[in-house]
Amino acid sequence: MGSGFKGRREDARLLTGKGLYAADRSLPNETIGLFLRSDRAHAEILSIDISQALALPGVLAVLTGADTKAAGFGSPFQLAAYPGRGGQMIKNPRRQVLAEDRVRYVGQEVALVVAQTHAQAQAALEAIVVDYRDLPAVIDLDSALLPNATLLYPDLGTNLAFDFDYGQEDETQAALAACAHVTRVALDLPRLIGNPMEPKSAIVSFDSETERFHLYVPTQGMTLMRDSLASGTGVAAEKIIVHAQDVGGGFGVRTEGYAEYCALMLASQKIKRPVKWPGTRAETFVSDHHARAGKLFGELGLDKDGKFVAIRVKWLVHGGSYLSQAGPLINTMPPRSHVAGLYRIPHIYGRHQIVLTNTTPTTAYRGAGRPNVSYLLERLVDQAARDTGRDRIALRRQNLLTKDAFPFTTPLGSVYDSGDPMGLLDIAAKESRWSDFETRRAESAKRGKLRGIALSMFVEPSGAGRSSAEQGAIKFGDSGNPILYSTSGPSGQGHETTYPEIVAKIFGTNPLTIENRSSDPEGPMLSGDGTIGSRSTMLQGSALFQAAQDVVRKGRDLAAKHLEANADDLEFVEGRYAVRGTDLSVALYDLARENPGALDAQGEMKIHVTFPGGAHVAEVEVDPETGEIALLDYVAVDDCGVAINHTLIEGQVHGGIVQGLGQVLSEQCLYDTQSGQLITGSFMDYAMPRAGDFVAFRLFDHSVPSPNNPLGVKGVGEAGTTGAVPTMVNAVLDALHPAGVEKLDIPFTPCRVWAALARP
Ligand code: MCN
């Protein structure tokens with residue numbers, strides 16, 4: 001039964017100011033905590049004098065690295081816990097929650113002041129005296145790896161934290177050497193800042209009676225955040241209660257138990273009062289983990305007929321000043337699973353290096369490594385077509401996997417569950433009117449404009465996580481209406497709408513009668529990893545689906561008793577059990593109300609990765625006079641398996657595409673390479689994409705259900721970004737190519753484009 005409701009259920013609440021975000025909360029007797037941050041990129045700390053700060057009115061505590069070190073705080077667990085090249089494990093320097101002996105990036109937390117009021121805390125921050133001895137800042141990736149480079153962690157003996165490789169190195173080398181043609185590209189990968197609308201903030205309250213810490217923080221799921229905090233502080237996980245209601249954007253940067261949260265835990269325990277840290281946008285810029293940040297190199301070998309023979313890739317990525325939990329993972333293992341995309345390429349070798357530099361640590365950000373894979377691969381394919389004089393679509397068609405090849409096991413052993421790449425390409429080419437493009441190009445040329453088009457294919461893993469299964473539970477409240485629990489941590493994806501819809505389908509009831517409580521610490525203890533890797537619908541959705549089926553099974557026995565009938569004679573339709581051929585029936589919700597707890601159920605979905613994919617086309621026009629780029633058309637054809645809610649899927653793909661376009665057109669976080677100062681520390685210098693810059697995207701669905709979960713679902717939350725980055729880059733390069741521009745790094749700001757065109 002449909003609810004007649006379109007769009008997201010949560011919107012009415014959120015758009016009328018009824019959302020509850022971390023900094024909106026206040027606890028009785030709360031205090032204010034503010035952080036002193038490093039104003040330099042690399043320096044030894046000779047001394048920290050907090051005496052004047054402590055003596056100021058209203059100041060309750062000043063914590064430094066000596067306190068967090070004495071408490072035994074350090075790094076949270078590292079997700080890249082597998083061997084790299086030559087069996088070497090990752091070198092993971094211990095995180096100093098508050099800087100102990102050195103600062104290693106601008107913005108690093110040096111001290112935490114707690115006071116009665118914001119003004120008092122601010123005044124005390126300014127009274128702290130830190131004596132530093134400056135060290136050379138290591139900002140540039142290549143210089144970080146020079147033999148005489150300044151080392152961030154002298155004990156490690158190197159700035160190379162992880163050297164990871166996969167595939168057949170020698171065979172791929174030999175295959176490339178024998179190829180009729182090898183295309184090579186080297187791509188700059190600008191550093192991005194996720195910038196969720198809600199800045200990182202927290203209220204932390206220590207309950208000395210139960211010895212539990214309550215944290216109110218923006219998070220992508222309570223379990224991941226709780227376990228991260230537990231491992232970073234040594235506090236038992238069951239003593240850490242993470243509360244999150246509404247979260248104003250996650251994008252991957254809201255999973256880790258950040259250093260600030262750990263320091264606030266210690267402060268609250270010490271002063272026995274809640275401590276509130278209302279984080280600012282400036283702090284989001286410097287201390288939220290950053291993303292992408294690196295260089296990509298690729299080689300694609302073709303035989304004389306244009307068949308792909310071998311691919312070799314190299315990634316050089318900033319880990320930052322210490323390693324985040326997810327950064328090294330998303331830059332190494334998952335890319336291995338789809339490096340050859342939707343093409344048949346028999347020989348593969350990849351090498352990915354994570355480098356320590358005096359910059360903010362990097363982590364997963366929408367796409368989490370996948371946009372790098374698609375960017376590199378689709379740049380190679382377009383360039384190979386150009387180099388060998390082939391048609392870009394024909395070359396793709398020649399090398400694409402066909403529908404009957406699925407499930408497809410890649411040469412490196414990952415299994416693409418289902419898909420129809422050729423179908424995706426055909427729809428994208430047709431809907432974008434690809435075959436008429438040259439007419440449109442000529443028309444633009446008449447107006448003095450450069451027009452370009454590009455099509456990109458992609459496939460990406462969705463669903464991976466650290467736990468082996470996701471659990472979901474259904475409990476019935478006093479009214480008999482169901483309440484859904486899961487570890488999910490939605491931050492705009494619409495789980496409040498989607499999960500009730502999944503369960504309502506099984507119950508045959510109106511979704512609006514079902515309440516969703518994501519990451520509710522008062523609910524049942526569930527295992528799982530929250531909202532990461534576009535996995536929530538397929539995993540938590542499937543766990544709730546299984547739980548709902550269990551409810552219906554249990555309800556049948558209760559209904560049989562209630563109706564004094566044989567369970568086999570019952571049919572379950574639109575939320576009621578009815579005795580076939582009679583007018584006797586009872587509603588599921590009534591049974592639940594009359595038998596408290598009897599119908600409660602828990603479901604579980606084992607982690608089974610799926611591979612959503614797509615074909616995107618962008619058409620652009622460049623004004624050579626100004627270097628400005630206008631997006632004229634954008635067609636996205638996606639395969640996310642069975643679609644649960646089309647409106648939400650469209651919202652997800654729209655948002656993802658815009659984030660991809662932002663990366664291509666304007667976003668770029670820059671450090672001064674000498675001083676290590678962050679140059680782009682505000683929205684005045686860091687250019688976010690704006691709705692007015694784009695046309696309405698045209699979205700199409702060409703889905704093949706996944707056999708890997710009972711819903712047939714694949715992820716979609718990141719697909720837009722993974723598709724948009726290569727598509728937009730290639731479209732702009734297609735426009736610029738006739739004007740003699742062979743290579744240009746992103747972001748394609750008007751200034752860069754104009755300068756490239758002006759070059760002789
Ligand atoms: N959906 C569907 N049918 C499918 C797949 C998905 O209807 N076959 C819909 C569902 O309504 C679901 C939504 O799409 O609510 C996203 O589902 P899914 O692909 O499972 O992704 P997750 O819910 O796990 O969200 C995570 C993903 C990631 S990893 C990032 S990063 C991201 C993203 O979602 N960050 C976001 N989308 C975001 N959207 C917003 N507004 N804000 C963020 O921070």
Side-chain angles (χ1 to χ4, degrees), residues 6-11 14 192 194-198 218-221 224 246-255 288-289 291 326 330 334 363-371 418 460-465 470 486-502 505 511 516 518-519 528-545 605 609-610 612 614 638-660 699 701 703-706 708-722:
K6 287 217 162 54
R8 289 192 313 184
R9 235 165 108 168
E10 44 272 68
D11 282 353
L14 298 176
L192 302 183
N195 266 314
M197 273 198 280
E198 180 187 12
T219 166
Q220 291 176 228
L224 204 56
D246 296 311
V247 176
F251 308 123
V253 301
R254 291 282 177 267
T255 58
D288 264 22
H289 290 166
I330 60 106
T363 193
Y365 166 68
R366 206 164 193 170
R370 284 109 87 185
S418 69
E460 54 173 7
S462 72
E470 271 294 334
S486 68
T487 69
S488 103
S491 59
Q493 293 85 353
H495 299 170
E496 213 170 307
T497 304
T498 313
Y499 293 170
E501 283 177 352
I502 290 171
K505 238 184 174 165
N516 182 63
S518 296
S519 277
D529 278 344
T531 292
I532 52 168
S534 300
R535 66 209 293 279
S536 307
T537 315
M538 53 182 275
L539 297 176
Q540 290 141 16
S542 293
L544 288 166
F545 171 90
M605 181 64 214
V609 174
T610 65
D638 280 280
D639 171 2
C640 63
V642 172
I644 301 291
N645 182 316
H646 276 283
T647 307
L648 294 189
I649 290 175
E650 285 186 20
Q652 286 297 300
V653 177
H654 270 251
I657 292 172
V658 169
Q659 275 178 296
L699 310 185
D701 177 25
S703 287
V704 184
S706 172
N708 289 357
N709 58 73
L711 295 173
V713 161
K714 303 173 189 171
V716 80
E718 294 161 285
T721 313
T722 308

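Both backbone and side-chain heavy atoms feed into the values below; hydrogens, waters and symmetry mates do not. Just so you know, ligand 1 is whichever comes first in the structure, and atom 1 is the first atom listed for that ligand.
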Is it true that Glu198 and Arg254 have a side-chain N and a carboxylate O under 4.0 angstrom from each other? no

Using a plain distance cutoff, I'd like to know if Val716 has any nitrogen or oxygen under 3.5 Å from a nitrogen or oxygen of ligand 1. yes

Considering both backbone and side-chain atoms of Arg366, is one of its nitrogen or oxygen atoms within less than 3.5 Å of a nitrogen or oxygen in ligand 1? yes

Going by the closest heavy atom to atom 8 (N) of ligand 1, which one wins out of Asn645, Leu711, Val642? Val642

Report yes or no: does a heavy atom of Ser491 sit under 4.0 Å from some atom of ligand 1? yes

Would Leu648 count as a polar contact of ligand 1, with the cut-off being nitrogen or oxygen pairs under 3.5 Å? no

Donor on one side chain, acceptor on other, Glu718 and Ser534, under 3.5 Å: yes

Looking at ligand 1, does any of its N/O atoms fall within less than 3.5 Å of an N/O of Arg8? no

Just to confirm my output: which protein heavy-atom neighbour is closest to atom 34 (O) of ligand 1, and how far is it? Gln493 NE2, 3.2 Å

Going by heavy-atom distance to atom 41 (N) of ligand 1, choose the closest among Gly463, Ser534, Gly492. Gly492

Identify, by atom number and element, the atoms of ligand 1 in contact range of Thr531, meaning under 4.0 Å from any of its heavy atoms. 22 (P), 24 (O), 25 (O), 26 (C)

Can you tell me how far the OG1 atom of Thr497 sits from the CD1 atom of Ile644, to the nearest 0.5 Å? 12.5 Å

Is there a polar contact, in the sense of an N or O pair closer than 3.5 Å, between Tyr365 and ligand 1? no

Ignoring hydrogens and geometry beyond distance, is a side-chain donor-acceptor pair present between Ser418 and Ser706 at under 3.5 Å? no

Say whether Gly715, considering both its backbone and side-chain N or O atoms, lies within less than 3.5 Å of an N or O atom on ligand 1. no

Just to check, does Cys640 reach to within less than 4.0 Å of ligand 1 when the distance is taken from its heavy atoms? yes

With respect to Gly367, determine whether any N or O atom, backbone or side chain, lies less than 3.5 Å from an N or O atom of ligand 1. no

Please determine if Ile649 has a nitrogen or oxygen closer than 3.5 Å to a nitrogen or oxygen of ligand 1. no

